[in-house]
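One structure is given below, encoded as structure tokens.
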Amino acid sequence: MSPGFLSGLNEQQLEAVTLPRQSALVLAGAGSGKTRVLTTRAAWLIHTGQLSPMGLMAVTFTNKAAKEMLTRISAMLPINTRGMWVGTFHGLCNRMLRAHFREAGLPQLFQILDTQDQLSVIKRLLKSLNADEERFPPRQVQWFIAGSKEEGLRAPEVDVHDEFTRRMRDIYAAYDEQCQREGVVDFAELLLRSYELLSRNEALRSHYGARFEHILVDEFQDTNRLQYRWLKRFAEPGNAIFAVGDDDQSIYAFRGASAANMQDLQRDFAVERVIRLEQNYRSHGHILDAANALISHNRKRLGKNLWTSDAKGEPLRVLEALTDLDEAAFIVDEVRALRGDGVALDEIAVLYRSNAQSRVIEHALFKAGMPYRVYGGLRFFERQEIKHALAYLRLVANPGDDGALVRIINFPARGIGARSLEQLQDAARERGTSLWGAALLKSEGRRQKAEENGGDTASPSPITQHASPGKGIPSFVALIERMREATSGLPLPETIEHIVEASGLRAHYRAEKEGADRLENLSELINAATIFIAERDVQPAGEAPGTDEPDELTAFLAHAALEAGEHQAQAGAEALQLMTVHSAKGLEFHSVFISGLEEGLFPHENSLTEADGIEEERRLMYVALTRARRRLYLSLAQSRMLHGQTRYNIASRFFQEIPDGLMRRISPAFHVQSSRFNVSGSASATEGGGVSTLNTEPGTLNARNAGQWRVGQNVVHPTFGTGVIVNSEGRGPEARVQVNFRSGGLKWLMLEYARLAPA
DNA sequence: ATTAGTGGTGTTTTT
DNA sequence: CACCACTAAT
């Protein structure tokens, strides 16, 4: 008797789900039921008694995916998911390091640095090393360190072929020392530390090797080398890795993901069966045809062709707007129409290549009063008021956390400036203590001196005396000590409440003109803590015996660093979904807008100089296309405000890689003329929205525009090829236009002689 | 010691 | 445009 959850699977899916215990690679195209196969596999293994929940590890990349998997497994099986290890690589490594902090050489309460925190640690370090920030840009140092760790390399193992790399390596070494001193751990360190722990400690390795008989990996194409080696540590003979991935959706090469892991897996784990899931259950035919056509332009592929038994559906809708403002207005209009047709708002997504693009769209949505939700961008736990509150918590939990101390020692302002901090840092270095240790000494010295002087408090000016509660390092030390005392034993939400109040953060933001949102976020933080505790109590971690459970506060701080994005304002309400293409991976919607399809933006200009950069951008576009079930919009703007100035872009090359027959050009229902768009030379720019600059539709639409030129227009030159007019000057026979050619760059051309034609 | 103002610079994508 | 680091003025 096969369990009910197997019904409805197709032949390949069923084969994958019911594979005997052996390692396998499943190449799962977009929308081919990948998550279903993964979760059903887990349920099947447990249901048939081949595996106890304790023996299962399932790794994903996003917390969203992990949560989804847990939900779906428990929907299929009435079992307690306690004991299963389901989570992100980072989450699972954190779990392991918490359980074995001593063996890993970490303090019990080690804190996790997010990207921002890491950058400020690096800046602090560079200053103390007297390193020139010009020659060693903090961001580059960060990149170097993260990159090295993701290769599994500690500083001494980094290859040094020149002076610069040698210095970078030394900075890396000093950075690791500093983190160790302060008891903090960055993202890559979680993985590397956990990997080293398993490599060094044979008892632990064999414990986990014996435990995890089945390891399921989602989005395997996104694993980096270190993650792959980490997985290999569990490769006890007889254990099986079940990896699901799609090389066409590999979009994280920039952070070290390596599709070569797919080949290595087959070799290292003696994979006998590579199962392909090629039937797509998500999208209508035209959408799939477009995606297939696009991705076929990539050379480096394992090869696979998605098909569907669904109808062809509608053609893709293409909209070219004059400006980014018009594009946004058009999207709002179209969304309104979709909603009128009964499509729920949260079934519609607007995707863009980079976060900065959301502002214009948000603005238009706000003006239209349409509810929306932005994923990514400034996440809840990355907001400054939240960071400040968390820093107080961190310092209370871990006095050695210099980063936290630096962040809050003078926020809200209590008269401790750069100079005092510098002295503190010198004192700390001299005595080999943390900044907190130095502050403690200093304030005690001060206290003693005050007593010796017979309590002469050097009458401070009456104004400053009542303006702020306390000044200087001693009062800061006293403040933190009071907090530590007052909050010990308190439940987490009350601890946060106390800290927000006692630190003066609340008073500070109440006094600030624009502080209302921040106050609200601080309340939301307390809320988030309440929810976090409640969820944790429902599903405790259930560790192996003899391990320590982290306390509430530490767990919450880890949660804040690892799941920065999960807590958004206005979650839950039906709202239009705004996100980058990257964060859309794994999701699907009834209707999808892909905006900003312009050369330089999507594909991003930076990708052009990277090895295989264009192929990654194309995969990204492939991911974007395959998010849509029924309707797909592709939009672009002829001009766009970027970095404070207007840029004129030509249509993305991806338009040329999708067959014309699949796309239909549409015009906005009404015409928006943005004030920012300045027509030079001619007044004809108001003509319809239909001036073609898309190369997919050869010049026919332009007959009525012949002989008239305007900035932003796409043109063709017999020798220079296609380009866009970016500037003009003079009139009559003198008139010249400046054209930005796709290949060849900027050129001034005399209109009278240049054989320029509209594109 | 702090702040306000200026000028220079950089900017993809994320756990 | 937005963020930073630095300078000049309080």
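Computed from heavy atoms alone, side chains included, the values below leave out hydrogens, waters and symmetry copies. First the proteins, then the strands, lettered A, B, ... as listed; each starts at 1.
No contact: A:Ser607 has no heavy atom under 4.0 Å from any strand. A:Leu620 comes within 4.0 angstrom of no nucleic acid atom, judged by non-hydrogen atoms across all strands. A:Tyr252 comes within contact range of the sugar-phosphate backbone alone, with a heavy-atom separation under 4.0 Å but no base atom that close. Among the atoms of the strands shown, only primed sugar atoms or phosphate atoms (P, OP1, OP2) are found under 4.0 Å from some heavy atom of A:Asn410. Heavy atoms of A:Phe254 sit under 4.0 angstrom from at least one base atom. At a threshold of 4.0 angstrom between heavy atoms, the contacts of A:Asp114 with the nucleic acid are absent.
Each of A:Ile416 and A:Asn606 was assigned the nucleotide of DNA chain B with the nearest heavy atom; the assignment lying further toward the 5' end belongs to A:Ile416. Mapping A:Glu150 and A:Arg353 onto DNA chain B via the closest heavy atom, the residue that lands nearer the 5' end is A:Arg353.
Remark: A:Pro137 pairs with A:Gln140 by the side chain to side chain contact (heavy atoms under 4.5 Å, CB included) rule, at least two apart or across chains. Annotation: side chain to side chain contact (heavy atoms under 4.5 Å, CB included) contacts of A:Gln142 (sequence neighbours excluded): A:Thr115, A:Gln118, A:Leu119, A:Ile122. Remark: A:Ala146 engages no residue in a side chain to side chain contact (heavy atoms under 4.5 Å, CB included) (not counting sequence neighbours). Listed by chain and residue number, A:Val26, A:Ala28, A:Lys34, A:Leu38, A:Phe242 satisfy the side chain to side chain contact (heavy atoms under 4.5 Å, CB included) test with A:Val244 (two or more places apart in sequence, or in another chain).
In this structure, A:Arg193 fails the cation-pi test against A:Phe101, since its NZ or CZ atom is not both closer than 6.0 Å to the six-membered ring centre and inside 45 degrees of the ring normal. With a 6.0 Å cutoff to the six-membered ring centre and a 45° limit on the axis angle, A:Arg255 counts as a cation-pi contact of A:Tyr252.
Here the range on DNA chain B touched by chain A, meaning any atom under 4.0 Å from one of its heavy atoms, is B:dA1 to B:dT15.
Distance noted for atom P between B:dT13 and C:dC4: 16 Å (whole Å).
A:Met57 is listed as a side-chain neighbour of A:Leu92, based on a closest heavy-atom distance under 4.5 Å.
Taking the six-membered ring for Trp and the full ring otherwise, the centers of A:Phe164 and A:Phe136 sit less than 6.0 Å from each other.
Here A:Glu616 does not pair with A:Lys300 in a salt bridge; the nearest charged N to carboxylate O distance is not below 4.0 Å.
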Heavy-atom contacts, protein to nucleotides 1-10 of chain C, under 4.0 Å, summarised as B (base), S (sugar-phosphate only) or - (none) per nt, yield BS--------
